[in-house]
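Comments concern the structure below.
To find a chain, count down the sequence lines: A is the first, B the second, and so on, and within it residues start at 1.
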There are 2 protein chains.
Amino acid sequence: MNAPARNDKETVVAAAMRVLAENGLPGLSMRRIADELDIQVSALYWHFPNKQALLAAVSAQIVGSDPQPEGMDAAARALRDRLLAHQDGAEIVSSSLALGLLDLPVRAELVRAAKKTGVDAASAEVAADTLVHYVIGYTFHEQQRLHAAIVGTAEASVDLVPAGAQDRGDDFEAGLAMIIAGVQASASIR
Amino acid sequence: MNAPARNDKETVVAAAMRVLAENGLPGLSMRRIADELDIQVSALYWHFPNKQALLAAVSAQIVGSDPQPEGMDAAARALRDRLLAHQDGAEIVSSSLALGLLDLPVRAELVRAAKKTGVDAASAEVAADTLVHYVIGYTFHEQQRLHAAIVGTAEASVDLVPAGAQDRGDDFEAGLAMIIAGVQASASIR
DNA sequence: ACCTGAACACCGTTCAAGT
DNA sequence: ACCTGAACACCGTTCAAGT
């Protein structure tokens, strides 16, 4: 009855986002994405050369496009919020980034903000990368624990979760403040 | 001719380390480990409940046991060296750690060294975790790029690799110094 | 205590062929 | 330009049965 499915990169990525939201990264298989679109798995390979390329497009969607809040702290927090907004967001972005398949829009703002503290250009790049590694590493860890808590026996009392989440956020802020203090210390040396 | 294979956790982990060294994490399958030991895959499940548990034992081997160098910088460098000594070491350790299946011996020394700078106990924990996230995140990124460079077309000129590796190490040191400066700055505030 | 053999329910990727 | 259908070479995990 329906006309045969006609998709493009955009609709494929949108389907992948839906599968990710429902099944997480372990459930984000090419077959499940194809099922979501009511097409054969092999059809996906017309749109993307392989799964990593598709995941890179998903990553780009997760980290969003240009308008970034100003300042190292706000930019770092914005990245963290984007990652937290999607199941296993940090892990997906981490691997796309490591494979060099993803440009992180927030990095430019981190470099800009670091320079404003008075460090030289090379140090600003280092500061940006250090912050990115911290935010992704911290959030990855956090999301994995969340996943383990869900998969593991549902023994954790429900009312401990919000309290734990608050602590996690506080620890994130404390570590972030430490790194920013380090950047500023590097600036005042010169 | 041979007596039937009789293994324990130790020999299984040793076999896994050999498979990892030769094939990397993507090639570290239960079947390949079983082949290395000349046993059936199912036999591995007598020794470990699942693959993640086996990977946690591999991770423990990678990060080594107790004697750690003193000082935040030396301890962080020691962790990095351990990760770099094994293919995909950072990725394996990262996931075991996130799943709460691995104790990092170096963390205790990082906490101890942080306290020596004069920060309070809570800040010392935050400092240790921040450093751990940085080291693992940085090294993960580095090892993935290395892998991508090998898999990708062998177009990169060979003489650029040592130079690039040196730059990577320098950037690691610069970021490390920044975080440590941040810890010391936190200490001098109080 | 440790292993075999067979099965189940999946994977990513390729390729000729269709419209 | 986009999709089907079928195949290839794999996965992790379970389970009854053997010694």
Could you walk me through whether B:Glu36 and B:Arg18 pass the side-chain contact (heavy atoms from CB on, under 4.5 Å) check? CA-CA 8 Å; B:Glu36 177 76 22; B:Arg18 269 176 269 135; 2.5 Å; yes

Need one value for B:Asn50: base, sugar-phosphate or nothing, where a base atom within 4.0 Å counts as base even if backbone is also close, heavy atoms only. sugar-phosphate

From CG of A:Leu44 across to P of C:dC11 the rounded distance in Å is 13 Å

Mark yes or no: A:Arg80 above the aromatic ring of A:Phe172, with NZ or CZ under 6.0 Å from the six-membered ring centre and no more than 45 degrees from the axis. yes

Which heavy atom of B:Ser123 sits nearest a heavy atom of A:Met178, and at what distance? O-CE, 3.4 Å

side-chain contact (heavy atoms from CB on, under 4.5 Å) between A:Asn7 and A:His47, worked out: CA-CA 9 Å; A:Asn7 297 288; A:His47 300 286; 4.1 Å; yes

Answer yes when B:Glu173 and B:Arg77 have at least one side-chain N-carboxylate O distance shorter than 4.0 Å, and no when they do not. yes

Using atom C1' of each nucleotide, how far apart are C:dC11 and D:dC8 to the nearest Å? 12 Å

Using a cutoff of under 3.5 Å, can you pull out all pairs of nitrogen or oxygen atoms linking the protein to nucleotides 14-19 of chain C, with atom names and distances?
none

Taking the side chain as C-beta and beyond, is there a heavy-atom pair between A:Ile62 and A:Leu20 under 4.5 Å? yes

Are OP1 or OP2 of C:dG5 and a side-chain N or O of B:Gln40 less than 4.0 angstrom apart? yes

Considering only NZ, NE, NH1 and NH2 on the basic side and carboxylate oxygens on the acidic side, decide whether B:Asp129 and B:Arg107 come within less than 4.0 Å. yes

Distance, P atom - from C:dA17 to D:dC2, rounded to whole angstrom: 22 Å

CD of A:Gln52 versus C1' of C:dG12: gap in Å, rounded? 12 Å

Once Watson-Crick and G-U wobble pairs under 3.5 Å are found, how is DNA chain D written in dot-bracket notation, 5' to 3', with | for any base paired to another strand? ||.|||||...|||||.||

Give the C-alpha distance, both sets of side-chain angles, the deciding distance and a yes or no for side-chain hydrogen bond (donor to acceptor under 3.5 Å, both in side chains) between B:His141 and A:His133. CA-CA 9 Å; B:His141 196 178; A:His133 282 129; 3.2 Å; yes

Quick check: are there more than 12 heavy atoms from other residues, nucleotides or ligands sitting under 6.0 Å from CD of B:Gln52? yes

Please report the distance separating the C1' of D:dC15 from the corresponding atom of C:dC3, rounded so that it comes out in whole Å. 13 Å

D:dC2 phosphate, OP1 or OP2, under 4.0 Å from A:Asn7 side-chain N/O: no

Closer than 4.0 Å, any side-chain N/O of B:His47 to the OP1 or OP2 of C:dA1? no

So, for B:Ser94 and A:Phe140, which heavy atoms are closest and what is the spacing to 0.1 Å? OG-CE2, 3.4 Å

Contacting residues from residues 23-34 of chain B, given that a heavy atom lies under 4.0 angstrom of DNA chain D: B:Ser29, B:Met30, B:Arg31, B:Arg32

Ion pair B:Arg112/B:Glu109, N-O distance below 4.0 Å: yes

